[in-house]
Enquirer: 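I'd like to ask some things about the structure below.
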Amino acid sequence: MLSRLHCTVARYPTQILQIAKATMSTFTIPGSEIRVNSTSDLTQDELLLFPAFKIWMSTLQHSLARQKTVSHEFHQNPYILRQIDIQSTDRFGGGRLGFVKLKADVSNSLGEKLPGIVFLRGGSVGMLLILQPDHLPAEHDHGKRAILTVQPRIPAGSLAFSEIPAGMLDDSGTFSGAAAKEIQEETGLSVQQSELTDMTALALQSVNETANGEKLQKAFYPSAGGSDEFIPLFLCQKRMPLKEIEQLQGKLTGLRKDGEMITLKLVPLENLWKEGLRDGKTLAAWALYRGLQQEGKL
């Protein structure tokens, strides 16, 4: 079969090239010299209006512009974003653009290139949801339970992956609004935005980011080597009757119509890092919670 394919390519190279070109569209990003080679199912307007692409482009261009500073390590031979090749797209229900995989040509005048394979998916939110029986002192962690969701995660090859509640941002929701919505969908608990603490933003208040001058999101990046995904981490602490807390153990939740098959798992707060150690969001939330506690900010 492989040799037959090679023969076909050899006999009809022009026709095959024409077919390949027919599945692509090319345009230049307005106000720049950056060329985009896109798949035929993704228009220029769709890409330029895609929130994940807009945030990624803005962040990258800001970082590249900083090379003009004499003290920048790349100042002598600055890198430039020259071309973007769209490799594939995925869409959600209703045809809404969901994910974009691309290759960015970021190189300097010496021909040196930076790794540029990018999976664009945009922002998500993560939630550390802590429940405490209302008969116990609020100022102590004793008796507190953290909620984990156990659900299939096919990319990880798992049908029972344990993690803190999380979800993608929609195009219009605020971080805190999206977090409150995810709690409702994944646990059935109603939470007001005023009950949420943005742990990532709170921690960043004590970090001097002016040193490198980059303008990243107020979030953590779980896989910065291949994806733009950023996740702000929120904390919600609720006091409830012990009986109501116990009733959540093993509860089936999630939007079944969207393929969410979620089972709730309540674990002692002190064991959260062990119960969710395979999930980066869970470990990051645990570290932020403990760090902010130590600094007296929680």
Enquirer: Can you tell me if His72 uses its side chain to pair, donor with acceptor, with the backbone of Arg66 under 3.5 Å?
Expert: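 Between the backbone of Arg66 and the side chain of His72 there is no qualifying donor-acceptor contact (under 3.5 Å).
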Enquirer: Any carboxylate oxygen within less than 4.0 angstrom of a Lys/Arg side-chain nitrogen, looking at Asp90 and Arg96?
Expert: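 No, Asp90 and Arg96 are not salt-bridged.
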Enquirer: Using a 3.5 Å cut-off and no angle test, enumerate the donor-acceptor pairs between side-chain atoms of residues 159-166 and protein atoms at least two apart in sequence or in another chain.
Expert:
from, atom 1, to, atom 2, distance (Å)
Glu163, OE1, Arg153, NH2, 3.3
Glu163, OE1, Lys281, NZ, 2.8
Glu163, OE2, Arg153, NE, 2.7
Glu163, OE2, Arg153, NH2, 3.2

Enquirer: For a side-chain contact (heavy atoms from CB on, under 4.5 Å) with Thr26, tell me which candidate from Arg35, Gln83, Gln44 qualifies.
Expert: Arg35
Enquirer: Got a donor-acceptor contact below 3.5 angstrom from the Thr69 side chain to the Ser71 backbone?
Expert: no
Enquirer: Counting C-beta onward and ignoring hydrogens, is there a side-chain heavy-atom pair between Thr89 and Lys101 closer than 4.5 Å?
Expert: no
Enquirer: Report yes or no: do Asn108 and Glu112 form a side-chain donor-acceptor pair below 3.5 Å?
Expert: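 Note: Asn108 and Glu112 side chains meet the donor-acceptor criterion.
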Enquirer: Just by distance, do the side chain of Gln217 and the backbone of Thr59 share a donor-acceptor pair under 3.5 Å?
Expert: no
Enquirer: For the backbone of Leu136 and the side chain of Arg239, can you confirm whether one donor and one acceptor N or O come within less than 3.5 Å of each other?
Expert: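 At least one qualifying donor-acceptor pair exists.
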Enquirer: Would you confirm whether Glu229, through its side chain, and Arg121, through its main-chain N or O, come within 3.5 Å as a donor-acceptor pair?
Expert: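 No, the answer is negative, given that no donor and acceptor are paired below the 3.5 Å cut-off.
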Enquirer: Donor-acceptor check, side chain of Ser107 to backbone of Gly111, threshold 3.5 angstrom: yes or no?
Expert: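 Between the backbone of Gly111 and the side chain of Ser107 there is no qualifying donor-acceptor contact (under 3.5 Å).
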Enquirer: Indicate yes or no for a side-chain donor-acceptor contact from Thr253 to the backbone of Glu186 under 3.5 Å, with no hydrogens or angles considered.
Expert: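 Checked: pair present.
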Enquirer: If you compare all heavy atoms of Gln87 against all heavy atoms of Thr39, which two are closest, and at what distance to 0.1 Å?
Expert: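 For Gln87 versus Thr39, the nearest heavy atoms are O-CG2, 3.9 Å.
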Enquirer: Do the charged groups of Glu195 and Lys238 touch, with an N to O distance under 4.0 Å?
Expert: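 Yes.
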Enquirer: Does any non-hydrogen side-chain atom of Leu114 lie less than 4.5 Å from one of Tyr79?
Expert: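 Touching, per the 4.5 Å side-chain cut-off.
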